[in-house]
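Below is one structure. I have some questions about it.
Quick caveat: nothing in here was measured; it's all calculated off a predicted structure.
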Amino acid sequence: QVQLVESGGGLVQAGDSLSVSCAASGRTFSYYAMAWFRRAPGKEREFVVCISPSGGRTDYADSVKGRFTISRDNAKNTVYLQMNNLKPEDTAVYYCAAEATGRASRVSWEYDYWGQGTQVTVSS
């Protein structure tokens, strides 16, 4: 069982930067693929980015490519999402997710564990 706890969300202005983190419990974090998804008001949850267990492979949604960066520190059981040049359309609840077989995927139902989410609001 893995518990995920996101932190670092908040209210920023368009063009600002923000970093969110996801801390995982358990001793097998380094075996998990991790991802960030988001759900904007009135919209379905969407894929943002994923990262392989080693951190050597990442995959970004086109909407955030070049602005967001995912990273992980397996020694700290933590995955990070650095968000630069934020836009109002980035406003959403951001969720981290863990996939137990190590397969980094864009498909939400392939992820086994989810955090409670952290709100990111970008004002124009």
Side-chain angles (χ1 to χ4, degrees):
Q1 189 76 6
V2 173
Q3 290 187 325
L4 304 173
V5 179
E6 300 97 335
S7 61
L11 172 64
V12 297
Q13 293 187 333
D16 285 352
S17 297
L18 190 67
S19 180
V20 293
S21 302
C22 173
S25 64
R27 292 177 288 180
T28 57
F29 177 78
S30 62
Y31 296 130
Y32 286 82
M34 300 296 295
W36 288 94
F37 291 80
R38 67 186 181 186
R39 187 192 299 273
K43 295 186 177 181
E44 294 187 354
R45 182 171 55 193
E46 67 171 353
F47 167 79
V48 177
V49 59
C50 61
I51 188 168
S52 62
S54 68
R57 188 179 81 83
T58 58
D59 182 24
Y60 292 87
D62 288 344
S63 59
V64 306
K65 197 173 295 183
R67 299 188 299 121
F68 290 13
T69 302
I70 191 172
S71 61
R72 65 188 296 163
D73 186 337
N74 287 343
K76 295 183 178 180
N77 282 14
T78 302
V79 62
Y80 306 94
L81 182 64
Q82 175 66 40
M83 301 179 286
N84 296 329
N85 190 23
L86 282 159
K87 304 176 180 180
E89 52 264 42
D90 294 318
T91 295
V93 177
Y94 284 71
Y95 300 90
C96 72
E99 196 281 340
T101 67
R103 182 174 180 271
S105 167
R106 294 185 171 213
V107 181
S108 62
W109 54 259
E110 293 187 358
Y111 287 83
D112 303 285
Y113 305 102
W114 292 82
Q116 82 289 349
T118 186
Q119 177 71 47
V120 172
T121 302
V122 184
S123 64
S124 57

Heavy atoms, side chains only, cut-off 4.5 Å: are Asp62 and Tyr60 in contact? no
With side chains defined as the heavy atoms from C-beta onward, is the minimum distance between Tyr80 and Ile51 less than 4.5 Å? no
Verify the distance criterion only: is there a donor paired with an acceptor across the side chains of Gln13 and Ser123 at less than 3.5 Å? no
Determine the minimum heavy-atom distance between Cys22 and Leu4, stating which atoms define it. SG-CB, 3.8 Å
Worked check of side-chain contact (heavy atoms from CB on, under 4.5 Å) between Arg38 and Lys43: CA-CA 10 Å; Arg38 67 186 181 186; Lys43 295 186 177 181; over 6 Å; no
Does Glu6 reach the side chain of Trp36, with side-chain heavy atoms less than 4.5 Å apart? yes
Heavy-atom distance under 4.5 Å between the side chains of Lys87 and Val122, does that happen here? no
Step-by-step side-chain contact (heavy atoms from CB on, under 4.5 Å) determination, Phe68 to Val49: CA-CA 8 Å; Phe68 290 13; Val49 59; 5.8 Å; no
Can Glu44 and Arg39 be counted as an ion pair, charged N to O under 4.0 angstrom? no
Ser124 side chain near Pro88 side chain, heavy-atom distance below 4.5 Å: yes
dist Leu81:CG -> Ser21:OG (nearest 0.5 Å) comes out at 9.0 Å
Would you say the side-chain atoms of Asp73 and Thr78 include a donor-acceptor pair closer than 3.5 Å? no
Verify the neighbour count for atom OH of Tyr113: are there more than 12 heavy atoms of other residues, nucleotides or ligands below 6.0 Å? yes
Would you please say whether a donor-acceptor pair under 3.5 Å links the side chains of Thr121 and Gln119? yes
What orientation do Trp114 and Tyr95 show, parallel under 30°, tilted 30 to 60°, or perpendicular over 60°? perpendicular
Leu86/Leu18 under side-chain contact (heavy atoms from CB on, under 4.5 Å): CA gap, chis, key distance, verdict: CA-CA 8 Å; Leu86 282 159; Leu18 190 67; 3.7 Å; yes
Taking every non-hydrogen atom, the tightest pair across Arg103 and Glu99: N-OE1, 2.8 Å
Using the rule given for side-chain contact (heavy atoms from CB on, under 4.5 Å), can you reason through Val79 versus Ile70, listing the C-alpha separation, both sets of side-chain angles and the distance that settles it, and then say yes or no? CA-CA 7 Å; Val79 62; Ile70 191 172; 3.8 Å; yes
Within a strict 4.5 Å, meaning less than it, do heavy atoms of the Thr101 and Tyr32 side chains meet? no
Heavy-atom check, side chain of Tyr111 versus side chain of Cys50, under 4.5 Å: yes
First locate atom CG of Asp112, then atom CD of Gln1, and finally report the distance between them rounded to the nearest 0.5 Å. 10.0 Å
So, does Arg72 use its side chain to make a donor-acceptor pair with the main chain of Ser52 at under 3.5 Å? yes
Are Asn84 and Gln82 close enough that some pair of their side-chain heavy atoms sits under 4.5 Å apart? yes
What closest approach, in Å, do Ala24 and Phe29 show between heavy atoms, and which atom pair accounts for it? CB-CD1, 3.4 Å
Kindly compute the distance separating SG (Cys96) from CD (Gln116), expressed to the nearest 0.5 Å. 7.5 Å
Ring centres under 6.0 Å, that's the criterion: do Phe37 and Phe47 meet it? yes
Report yes or no: does Arg57 contribute a side-chain atom to a donor-acceptor pair with the main-chain N or O of Pro53 at less than 3.5 Å? no
Only residue of Val12, Asp90, Val120 satisfying side chain to side chain contact (heavy atoms under 4.5 Å, CB included) with Met83 is Val120
